[in-house]
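Below is one structure; the comments refer to it alone.
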Amino acid sequence: MAIALYPGTFDPITLGHVDLIQRATYLFDRVIIAAASNPDKVPLFTLEERVELIRAVTAEIDNVTVIGFDNLLVECVREHNASVILRGLRAVSDFEYEFQLAAMNRHLDPEIETAFLTPSEHYAFLSSSLVKEVAALGGEVGDFVPPEVGQALAGKFKS
Ligand code: ADP
């Protein structure tokens, strides 16, 4: 059974992430979406909020599990019996960082492979940061995030 673990900050989950998750479910028997605690990034949404939003948005997709984690990624992968780390590649700007990350993770555990998927071209330039910037200034983000996320963003920026 091939299990892929898809780590990320997901602050918040966007339709680009969902596109990737959907594609991954066609390739792997199980996809574990792992939201990183990532205190260094000072996320807008708490880890619990991010996990809840991912669960709500992926509820209809089969063979998906959602977890939060705050330990070393390769340890989290081993704990969940996964053999693949899934990451997304958008425009060229992602490449260097993702290449470094994959090399470090291979160094830490040579038995774990990193696999990359690319999203539909509609989402190739979409990022959680951009969505937050637009939402913070009152812009419409309905084309880029699921409705639950749109509501959660509106709630954050109202207060
Ligand atoms: P991180 O802080 O780990 O980069 P993100 O939530 O920003 O967390 O991204 C998680 C993964 O999803 C990364 O591999 C990133 O390249 C990928 N990703 C983010 N947005 C998109 C998108 N629009 N299309 C495809 N992949 C994406």
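From a predicted model like this one, the values you see are computed outputs, not experimental measurements. In each ligand, atom 1 is the first atom listed, and ligand 1 is the first ligand listed.
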Starting from atom 8 (O) of ligand 1, locate the nearest protein heavy atom and write down its residue, its atom name and how far away it is, to 0.1 Å.
-> T9 N, 2.9 Å
Short list, please: which atoms of ligand 1 are under 4.0 Å from a heavy atom of F10?
-> 6 (O)
Can you tell me which residue and heavy atom of the protein come closest to atom 25 (C) of ligand 1, and the distance to 0.1 Å?
-> P119 CG, 3.4 Å
Given V84 and V77, is the side-chain contact (heavy atoms from CB on, under 4.5 Å) satisfied, shown in steps?
-> CA-CA 8 Å; V84 172; V77 170; over 6 Å; no
Distance to 0.1 Å, residue and atom name: give those for the protein heavy atom nearest to atom 19 (C) of ligand 1.
-> H17 NE2, 3.4 Å
Any N/O of P7 closer than 3.5 Å to an N/O of ligand 1?
-> no
What part of D94, side chain from CB on, backbone N/CA/C/O, both or neither, has a heavy atom under 4.0 Å from ligand 1?
-> side chain
Considering only protein heavy atoms, which is closest to atom 22 (C) of ligand 1, and at what distance to one decimal place?
-> R90 CD, 3.4 Å
Is there at least one pair of N or O atoms, one from Y123 and one from ligand 1, spaced under 3.5 Å apart?
-> yes
Counting heavy atoms under 4.0 Å, the part of F125 that contacts ligand 1 is neither
Top protein contact for atom 14 (O) of ligand 1, by heavy-atom distance = G88 N, 2.9 Å
Specify the protein heavy atom at minimum distance from atom 12 (O) of ligand 1: its residue, its atom name, and the distance to 0.1 Å.
-> Y6 OH, 2.7 Å
Can you find a side-chain donor-acceptor pair between T65 and R30 that sits under 3.5 Å?
-> yes
Identify, by atom number and element, the atoms of ligand 1 in contact range of K41, meaning under 4.0 Å from any of its heavy atoms.
-> 1 (P), 2 (O)
For ligand 1, which atoms have a heavy atom of G8 less than 4.0 angstrom away?
-> 3 (O), 8 (O), 10 (C)
Nearest protein heavy atom with distance in Å, relative to atom 4 (O) of ligand 1 | R87 NH2, 3.4 Å
